[in-house]
*Asks:* 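Let me give you the structure first, and then I'll get to my questions.
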Amino acid sequence: MTVVTRIAPSPTGDPHVGTAYVGLFNYVLAQKAGGRFIFRLEDTDRNRYNPDSEARIVSMLRWLGLTPDEGPEMGGDRGPYRQSERLDLYRQHAEMLLASGHAYRSFETTEDLEAMAREQKWHGRPQGYDGRGRSVPREEQERRASAGEAHVIRLRTPDDGETTFKDSVRGTIRWPNSELRDTVLLKRDGYPTYHLAVVVDDHLMGVTHVIRAEEWISSTALHIHLYRAFDWDLPLFVHLPLLRNPDKSKISKRKMNTSLESYRDQGILPEALLNYLATLGWSMPDGREFFSLKELVDTFILERLSAGEPVFDIKKLRHFNAKYLREILSLDELADRVEPHFRAAGYSWDDEDYFLDIIDVLRPRTETLNDFTEQARYFFDNDFPYQEEARKRLSSAQKYLEDLERQLSMLEFYDYDSVEDLLREYVQSQAVGMGKVLQPLRAALTGRTQAPGVSDLLTILGKQRVLQRIGRALNAINAGLPDDHPQKEKETSDKGERRAGATG
RNA sequence: GGCCCCUUCGACUAGCGGUUAGGUCACCGCCCUUUCAAGGCGGCGGCACGAGUUCGAAUCUCGUAGGGGUCACCA
């Protein structure tokens with residue numbers, strides 16, 4: 001039997017990091033087994049439906065590289081893949097259950113149910129639908145339905161005994177049937193609830209492994225009764241632990257950033273996100289922490305999934321991302337990722353090596369793609385502002401800068417060793433500490449006090465830019481170092497970030 | 001509240017009867033050093049608790065506690 005898994009998000013809003021998490025393991029298992037990975041849209045809630053959402057989810061899956069084998073876009077043999085296009089199927093199946101006596105039509109109004117709930121609460125009785133509709137005779141149900149009376153179809157669940165099922169992460173789970181309610185299968189509006197739709201679709205689509213979040217455990221017994229009512233074979237249930245907020249509650253956008261798009265826009269790499277997500281609940285047998293999707297597929301086994309309750313730690317995600325930026329990606333790969341951000345920020349360059357050198361020297365200083373844009377500004381803007389701390393360094397360094405300007409103008413080739421030697425010799429001649437001279441020079445070259453090594457800066461910027469910048473700094477010193485660019489700094493900064501973010 | 005799930009350093013985890021309980025993030029210190037990083041080295045810090053089972057429990061069983069999920073005509 002070929003393994004079939006699926007990711008079944010609801011198009012209700014921003015593509016969620018939990019979708020990526022669950023999608024990852026569904027994708028990986030299907031790949032591992034040479035099976036199929038289905039994308040199905042669970043759009044049965046007309047109130048929460050968001051028309052943009054589907055395309056955005058698809059786009060995020062593509063960004064992550066979790067490409068489905070079947071889905072609304074690419075089609076497949078078991079479609080349609082939007083539940084809203086399968087309404088007839090659900091109605092037919094609900095009727096099958098009606099016919100076999102496993103379900104009944106239920107006519108309570110919202111008010112009736114609210115009154116019931118109030119009463120239950122008042123008496124401290126168990127919450128939920130009490131099955132009162134069961135007692136309405138079958139003929140009466142049909143008569144009222146034919147007369148057009150609004151109603152739902154509910155599953156008739158057992159009142160006692162227990163339902164056991166195997167969860168591949170936790171082992172056997174026993175569920176008292178007394179906890180089961182006669183859950184709505186088909187809503188008043190003719191749309192199915194999740195419970196009916198998921199069971200019908202998973203069966204019809206041949207899903208063999210239901211890999212979903214832990215929050216569904218409490219519905220699984222109900223689903224099993226549906227499978228039984230239809231006389232269908234059970235899939236294997238794999239309930240992944242729920243991702244958590246720092247306070248351990250279920251991950252939510254109220255408490256932290258759950259938006260995939262936002263992570264992309266911050267300059268998080270998809271492979272880093274996936275890698276990090278994989279370490280939440282799964283571990284490599286050899287303890288390796290950094291591995292590719294491919295390596296995960298090759299090594300993956302369900303048995304190594306753990307049932308813990310992992311906190312989604314953005315700091316650690318950033319660490320993973322940084323690791324990819326400076327060690328895992330090659331310089332060329334990295335440059336390909338950074339280039340669009342630079343273009344969006346309005347940076348331009350004629351010399352590809354200049355661009356690559358910048359990426360290389362900034363690499364150990366960045367955690368996200370966006371960090372490059374911010375930190376590289378002075379490489380592309382000769383008119384950069386001097387930050388407050390940098391002005392302080394410049395103010396007492398006129399002599400050094402004049403000497404250095406003279407000496408550097410006599411140096412023909414700016415290779416690393418030459419400028420390094422020149423600098424060292426000069427500093428030695430002045431009998432002062434390196435920082436005394438190099439900090440002002442760094443400030444002159446970048447407008448900042450925190451930047452790459454001065455010799456790197458000189459080498460990368462090259463003679464012309466270096467002399468121009470020292471000259472400019474000297475002018476500024478002569479002018480008393482007025483704070484002449486506060487507007488510009490802000491403006492440039494805003495512009496860069498906004499543009500870079502929008503392009504992602 | 002009922003039911004279910006979970007429980008190893010602050011966080012993510014390895015461990016599947018005998019280990020000085022290992023790794024990673026974070027944090028701290030040292031080294032490197034012209035700044036900031038990166039990197040190297042080191043440190044801090046944990047088996048929730050209580051009973052059993054066993055020659056021997058982080059590992060098995062039960063209980064307690066804590067955390068979480070769920071009890072919708074939302075998924």
*Asks:* Rounded to the nearest angstrom, tell me the gap between atom CG in A/Asn177 and atom P in B/C4.
*Replies:* 12 Å
*Asks:* Find the distance A/Arg318:CZ to B/A37:P and express it as a whole number of Å.
*Replies:*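 So the two atoms are 14 Å apart, to the nearest Å.
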*Asks:* Would you say B/A14 has OP1 or OP2 under 4.0 Å from some side-chain N or O of A/Ser283?
*Replies:* yes
*Asks:* Rounded to whole angstrom, note down the C1' distance from B/G15 over to B/A75.
*Replies:*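 Comparing C1' positions in B/G15 and B/A75 gives a spacing of 37 Å.
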*Asks:* I need a per-nucleotide contact map over nucleotides 68-75 of chain B, read 5' to 3'. Cutoff is protein heavy atoms under 4.0 Å; write B for the base, S for backbone only, - otherwise.
*Replies:* SSSSSBBB
*Asks:* Using Watson-Crick or G-U wobble geometry with both distances under 3.5 Å, which nucleotide pairs with B/C16?
*Replies:* none
*Asks:* Which protein N or O atoms sit under 3.5 Å from an N or O of nucleotides 61-63 of chain B?
*Replies:*
none

*Asks:* Pick out which of A/Phe237, A/Tyr194, A/Phe165 makes a ring-ring contact (aromatic ring centres under 6.0 Å, His included) with A/Trp216.
*Replies:* A/Tyr194
*Asks:* Rounding to the closest angstrom, what is the interatomic distance between B/U59 and B/C49 at atom P?
*Replies:* 10 Å
*Asks:* Say we look at B/C25 and B/G46: how far apart would their C1' atoms be, to the nearest angstrom?
*Replies:*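 These two C1' atoms come out 15 Å apart once rounded.
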*Asks:* Across all strands shown, which nucleotide pairs with B/C3 by Watson-Crick or G-U wobble geometry, both distances under 3.5 Å?
*Replies:*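 Partner of B/C3: B/G69.
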*Asks:* Using atom P in both nucleotides, what's the gap between B/C9 and B/G22 to the nearest angstrom?
*Replies:* 14 Å
*Asks:* Which of the following nucleotides, B/U34, B/C3, B/C36, is nearest to the side chain of A/Arg442?
*Replies:*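 For the A/Arg442 side chain, the nearest candidate turns out to be B/U34.
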*Asks:* By nearest atom, which of the nucleotides B/C27, B/A37, B/C6 is closest to the A/Lys315 side chain?
*Replies:* B/C27
*Asks:* Mind checking the P distance from B/C12 to B/G43? Whole angstroms is fine.
*Replies:*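 After rounding to an integer number of Å, I get 24 Å for this pair.
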*Asks:* Between A/Glu405 and A/Arg469, is there a salt bridge with N-O shorter than 4.0 Å?
*Replies:* no
*Asks:* Side chains of A/Thr164 and A/Arg174 only: does a donor on one sit below 3.5 Å from an acceptor on the other?
*Replies:* no
*Asks:* Taking A/Asp371 for its side chain and A/Thr368 for its backbone only, find out whether a donor-acceptor pair lies under 3.5 Å.
*Replies:* yes
*Asks:* Rounding to the closest angstrom, what is the interatomic distance between B/C28 and B/C44 at atom C1'?
*Replies:*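 B/C28 and B/C44 have their C1' atoms separated by 7 Å.
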*Asks:* Please work out if A/Ala307 contacts a base, only the sugar-phosphate, or nothing of the nucleic acid, heavy-atom cut-off 4.0 Å.
*Replies:* sugar-phosphate
*Asks:* In whole angstrom, give the distance that lies between atom CG of A/Leu180 and atom P of B/C4.
*Replies:*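 The answer, rounded to whole Å, is 13 Å.
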*Asks:* Is a donor-acceptor contact shorter than 3.5 angstrom present between the side chain of A/Lys316 and the base of B/U24?
*Replies:* yes
*Asks:* In whole angstroms, how far is the C1' atom of B/C12 from the CZ atom of A/Phe290?
*Replies:*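 That distance rounds to 12 Å.
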*Asks:* Paired with B/A21 by Watson-Crick or G-U wobble geometry, both distances under 3.5 Å: which nucleotide is it?
*Replies:*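 No nucleotide pairs with B/A21.
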*Asks:* Considering every strand and a 4.0 Å limit on heavy-atom distances, what is the contact class for A/Arg448: base, sugar-phosphate, or nothing?
*Replies:*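 Nothing, no nucleic acid heavy atom in range.
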*Asks:* Between B/C47 and B/U8, how far is it from one C1' atom to the other, in whole Å?
*Replies:*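 Approximately 4 Å lies between the C1' atom of B/C47 and that of B/U8.
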*Asks:* Do A/Lys255 and A/Ser249 have side-chain N/O donor and acceptor atoms under 3.5 Å apart?
*Replies:*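 There is such a pair between these side chains.
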*Asks:* For a quick check of understanding: with a heavy-atom distance under 4.0 Å over all strands, which category does A/Arg46 fall into, base, sugar-phosphate or nothing?
*Replies:* nothing
*Asks:* Closer to the 5' end of RNA chain B via nearest nucleotide, is it A/Gly171 or A/Trp282?
*Replies:* A/Gly171
*Asks:* Looking at A/Phe312, does the NZ or CZ of A/Arg244 lie under 6.0 angstrom from its six-membered ring centre and within 45 degrees of the ring axis?
*Replies:*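 Checked: cation-pi criterion not met.
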*Asks:* With a non-hydrogen cut-off below 4.0 angstrom, is A/Pro452 in contact with a base, only sugar-phosphate, or nothing?
*Replies:* base
*Asks:* For A/Pro310, report the nucleic acid contact type (base, sugar-phosphate, nothing); a contact means any heavy atom under 4.0 Å.
*Replies:*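 Answer is sugar-phosphate: A/Pro310 comes under 4.0 Å of backbone atoms only.
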*Asks:* Atom CG of A/Leu305 and atom P of B/U13: how far apart are they, to the nearest Å?
*Replies:*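 Answer to the nearest Å: 10 Å.
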*Asks:* Quick one: CZ on A/Arg424 to CG on A/Asp417, what's the gap to the nearest 0.5 Å?
*Replies:*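 Interatomic distance, A/Arg424 CZ to A/Asp417 CG, rounded to 0.5 Å: 11.0 Å.
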*Asks:* For A/Phe107, does the six-membered ring have the charged nitrogen or CZ of A/Arg144 within the cation-pi criterion, i.e. under 6.0 angstrom from the centroid and within 45° of the normal?
*Replies:* yes
*Asks:* Distance between the C1' atoms of B/U70 and B/U13, in whole angstroms?
*Replies:*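 Roughly 27 Å separates the two C1' atoms.
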*Asks:* Hey, does A/Gly281 reach any base, or is it just sugar-phosphate, or nothing, if we go heavy atoms under 4.0 Å?
*Replies:* sugar-phosphate
*Asks:* Do A/Gln83 and A/Glu42 pass the side chain to side chain donor-acceptor pair (under 3.5 Å) test, and can you show the C-alpha distance, the side-chain angles, and the key distance before you say yes or no?
*Replies:* CA-CA 6 Å; A/Gln83 292 185 330; A/Glu42 310 231 326; 3.1 Å; yes
*Asks:* Ignoring hydrogens and angles, state whether a donor on the side chain of A/Asp313 or A/Tyr276 is under 3.5 Å from an acceptor on the partner side chain.
*Replies:* no
*Asks:* With salt bridge (Lys or Arg N to Asp or Glu O under 4.0 Å) as the criterion, how do A/Asp202 and A/Arg6 come out once you've worked through the C-alpha distance, each side chain's angles and the decisive distance to 0.1 Å?
*Replies:* CA-CA 8 Å; A/Asp202 282 344; A/Arg6 77 330 193 244; 2.8 Å; yes
*Asks:* Please report the distance, rounded to the nearest Å, between CG in A/Asn245 and C1' in B/G67.
*Replies:*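 Rounded to whole Å, this separation is 13 Å.
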*Asks:* Which nucleotide, if any, forms a Watson-Crick or G-U wobble pair with B/G29, using both distances under 3.5 Å?
*Replies:*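 Paired with B/C41.
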*Asks:* From C-beta outward on A/Arg365, which listed nucleotide comes closest to its side chain: B/C12, B/C36, B/C5?
*Replies:*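 Of the candidates, B/C36 comes closest.
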*Asks:* May I have the distance from A/Glu327 (atom CD) to B/U24 (atom P), rounded to whole angstrom?
*Replies:*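 Rounded to whole Å, this separation is 13 Å.
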*Asks:* Testing A/Glu374, A/Glu388, A/Glu389 for salt bridge (charged side-chain N to carboxylate O under 4.0 Å, His left out) with A/Arg448, which one passes?
*Replies:* A/Glu374
*Asks:* Rounded to the nearest angstrom, tell me the gap between atom CG in A/Asp456 and atom P in B/U35.
*Replies:* 14 Å
*Asks:* Please determine, for B/G52, whether a Watson-Crick or G-U wobble partner exists with both distances under 3.5 Å, and give it or none.
*Replies:* B/C60
